[in-house]
Amino acid sequence: MFPHASEPITAPAGGAELGQVIGLSIAAGLVTAVLLVIAWAHRTHRIDWFQKLGDRLGTRHGEPGWSTIPTLFVGSSLIVALLGFMWDVSLHAGRGRDAGPLANPAHYLILYGLFALFIAGMSAVVFPRDGEKPGVAAVRITRSWYAPVSGIFIAACGLYALIGFPLDDVWHRLFGQDVTLWGPTHLMLIGGAGLSTAGIILLHREAEVAMAQKGKALPTWLSTILVSIAFGALLIGLSVFQGEFDFGIAQFRMVFAPLMIVAAAGIPLVAARLYVGPGAAIAAAVFFLLMRGIVSFVVTDVMGEAHHVFPLYLGSAVLIELLALTRLKDKPLWFGAVGGLLIGTVGLVIEKLWNDRVFAFPWTQDMWAEGLAMAIPVAIASGLCGALFALGLQGRLPAKKVARSIIVGSVIVTALAVANGLHATVPKNASADVALTEVGTPEDREVTAEITINPADLIDDDPTWVQITAWQGGGIVTDQLRRTGDNTWESTKPVPVGGNWKTTLRVQDGRMLTALPIFLPEDAPLKASEVPADASFTRKFVPEIDILQRERKDGTSPALWGIANGVVLFCSLGIILGISVAVSRVARKIEEHEAANDKTPTLTS
């Protein structure tokens with residue numbers, strides 16, 4: 001399904017073949033029609049098997065059907081989608097672009113996962129009938145139809161992610177193939193799936209309160225395990241944005257690496273410890289490591305695709321557990337802020353030890369000051385949001401002004417940090433003299449390089465990286481070059497050239513992010529000629545994105561680009577607003593319920 005390294009590139013770069021688009025649209029329409037028929041038949045009592053399934057599962061798991069069915073769907077869908085997603089990134093990184101959504105086997109897993117996620121949310125919405133109110137925070141749909149607010153949120157996440165799939169093809173037609181994980185439509189896919197795990201935690205809480213009203217409850221030990229796993233799933237969902245760094249093909253400045261780690265760690269680890277209890281943060285981190293380890297093994301060792309690694313998070317989890325031994329545990333917002341600070345400082349030191357051992361990009365002194373300036377505020381914001389999430393689950397949210405300030409402030413702080421990280425510079429009139437030595441065979445060319453950078457003072461004493469990266473020719477190869485003089489560098493291992501390999505000299509030093517091609521293959525669909533790997537040559541440095549994202553179209557309308565990104569941003573903010581409203585509604589209803597029954601809210605039943 002993907003071209004061999006020596007075969008010409010024929011996959012389209014401006015959207016999939018029309019036949020694949022039509023076929024996928026027909027299949028999606030048929031699936032949607034079947035689901036609508038089942039939902040209508042269930043709610044009008046024309047079928048009973050769906051009700052019996054929910055009742056049977058509810059009896060077995062100690063929760064109502066409107067909770068157990070979505071939980072099973074989400075659990076299976078996210079595992080399958082995670083495997084498909086990591087496989088997909090590995091295929092694109094190691095072999096290049098594909099011919100469309102039906103030409104990539106990983107896409108089938110992703111599509112199943114996203115459809116199952118949407119079905120999970122809609123099953124929670126559709127299951128209650130005959131005027132049943134599913135929990136204290138139920139939302140009225142019609143006069144006699146109520147749905148759990150978390151089910152509505154999960155369905156919205158699934159729809160948001162599903163919309164990203166056809167929009168991705170539209171995006172390619174408008175702007176070319178964006179071979180980066182951080183393409184706007186790609187962020188819709190992974191953002192919707194990742195945030196749905198927060199909806200499942202909230203759905204479990206709604207079901208827990210509903211069962212308590214009937215004098216029923218899961219055993220405490222079982223509830224603790226299930227919710228800890230759910231927080232681990234949330235950690236996985238928030239960590240997939242780091243994929244390019246995990247695979248060693250980061251297309252953005254290194255300061256994003258610590259930023260994304262602390263942003264992902266703060267919410268689930270702080271919330272897990274405050275809401276579930278002792279050991280929950282460590283349990284969430286262990287579940288993350290177990291699942292990511294299994295997926296990495298399957299993708300790399302079973303399927304034979306590009307290798308990837310992942311953050312540790314265990315050090316941050318231990319820090320949160322230790323902090324909970326202090327009196328700050330009784331002051332959740334302070335606990336979240338201090339916990340975030342610990343994650344953004346000591347936790348990052350622990351992650352550096354792990355990163356520099358297993359990742360392709362060591363965290364050098366060059367990026368630490370700016371990296372910490374970005375990561376620490378985001379870590380504190382993430383910790384505060386984690387504390388807010390836990391308080392919402394307990395029915396103990398602070399005053400609306402405080403809660404809203406935390407959410408809005410966190411969005412602003414994160415947006416400013418991201419904007420700063422995206423700001424990169426490209427040197428003018430800079431070039432490199434490259435001398436290549438053949439060490440491979442004519443069939444599988446490999447070379448070592450000696451490189452002289454001009455001007456001589458372009459790179460300081462401690463750059464973030466000066467490396468050669470080769471990818472999309474059958475794998476990923478990176479070589480951190482060894483400095484031999486003020487402006488001279490040499491290879492430490494051979495790198496491939498020829499075939500479909502894209503082999504590039506890359507430099508990141510402070511804000512400078514630039515590259516020049518060593519070898520690029522002929523690409524007929526792009527009407528791009530081969531850039532040969534001659535024995536010696538001099539080439540100018542250009543914006544790195546021009547090489548790594550060779551498939552992007554030049555000359556697209558800036559207004560159209562801005563509108564398209566604005567639409568994605570608006571939808572993303574809508575998802576954030578959705579989880580905020582859902583948590584607020586559940587918290588308020590739990591508080592009213594507990595007050596009416598003169599009970600003190602507890603962490604778990």
Side-chain angles (χ1 to χ4, degrees), residues 2-9 92-96 179 247-251 304-307 359-362 427 430-454 456 458-459 463-509 513-524 526 528-551:
F2 288 84
H4 185 268
S6 61
E7 295 176 354
I9 299 173
H92 287 300
R95 303 180 184 229
V179 285
F247 279 91
I249 50 169
Q251 301 187 47
E305 301 301 335
H307 174 67
F359 277 73
F361 304 100
S431 63
D433 302 322
V434 181
L436 302 180
T437 301
E438 298 278 351
V439 294
T441 65
E443 294 77 18
D444 295 298
R445 289 187 64 196
E446 290 186 324
V447 298
T448 59
E450 294 182 355
I451 296 169
T452 302
I453 305 292
N454 300 303
L458 181 68
I459 302 173
T464 301
W465 68 56
V466 178
Q467 67 167 217
I468 295 176
T469 299
W471 67 323
Q472 295 189 349
I476 302 171
V477 179
T478 58
D479 179 25
Q480 298 285 355
L481 301 183
R482 177 171 48 238
R483 194 166 203 159
T484 57
D486 290 341
N487 65 329
T488 56
W489 308 77
E490 67 178 11
S491 299
T492 65
K493 63 182 180 183
V495 294
V497 293
N500 288 335
W501 287 101
K502 297 177 181 177
T503 307
T504 306
L505 171 64
R506 307 175 62 200
V507 175
Q508 182 183 156
D509 185 12
L513 188 62
T514 188
L516 61 81
I518 292 177
F519 173 82
L520 295 176
E522 180 184 7
D523 196 321
L526 291 178
S529 302
E530 176 184 295
V531 178
D534 298 327
S536 62
F537 56 84
T538 298
R539 288 175 185 150
K540 290 185 177 181
F541 281 105
V542 297
E544 192 179 64
I545 194 172
D546 291 351
I547 303 174
L548 294 182
Q549 296 188 39
R550 196 184 187 194
E551 293 85 349

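Predicted model only: the values in this text are computed from it and were never measured.
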Can you tell me how far CZ of Phe541 sits from CD1 of Ile547, rounded to the nearest 0.5 angstrom?
9.0 Å
Does a side-chain heavy-atom distance below 4.5 Å link Arg539 with Leu505?
no
Which pair of non-hydrogen atoms, one from Ser491 and one from Ala449, has the smallest distance, and what is that distance?
OG-N, 2.7 Å
Measuring from Asn487:CG to Thr452:OG1, what's the distance to the nearest 0.5 Å?
6.0 Å
Distance col, row Lys493:NZ vs Gln480:CD, nearest 0.5 angstrom, shows 9.0 Å
Side chains of Val507 and Pro463: does their closest heavy-atom pair fall under 4.5 Å?
no
Indicate yes or no: at least one non-hydrogen side-chain atom of Glu438 is less than 4.5 angstrom from one of Val447.
yes
Thr503 and Pro496: which non-hydrogen atoms are nearest, and at how many Å?
OG1-O, 2.6 Å
Would you mind reporting whether Pro517 and Arg550 have side-chain heavy atoms less than 4.5 Å apart?
no
What distance do Glu450 atom CD and Leu481 atom CG have between them, rounded to the nearest 0.5 Å?
11.0 Å
Sequence-distant partners of Gln472, side chain to side chain contact (heavy atoms under 4.5 Å, CB included), two or more places apart:
Val179, Lys502, Glu551
Residue pairs, two or more places apart or on separate chains, that pass side chain to side chain donor-acceptor pair (under 3.5 Å) and touch residues 529-538
Asp433-Thr538
Distance-minimising heavy-atom pair for Ala533 and Leu436
CB-CD1, 3.8 Å
Does the gap between the ring centers of Phe519 and Trp501 come in under 6.0 Å?
no
Going from CD1 on Ile451 to CG on Leu516, what distance comes out if it is rounded to the nearest 0.5 angstrom?
7.5 Å
To the nearest 0.5 angstrom, please state how far the CG atom of Asn500 sits from the CZ atom of Arg95.
11.5 Å
Got Leu548 and Trp471 here, is their nearest side-chain heavy-atom distance under 4.5 Å?
yes
How close do Val439 and Pro494 get, heavy atom to heavy atom, and via which atoms?
CG2-CB, 3.6 Å
Between Asp479 (side chain) and Ile468 (backbone), is there a donor-acceptor pair under 3.5 Å?
no
Taking side chain as C-beta onward, heavy atoms only, is Trp465 less than 4.5 Å from Leu513?
yes
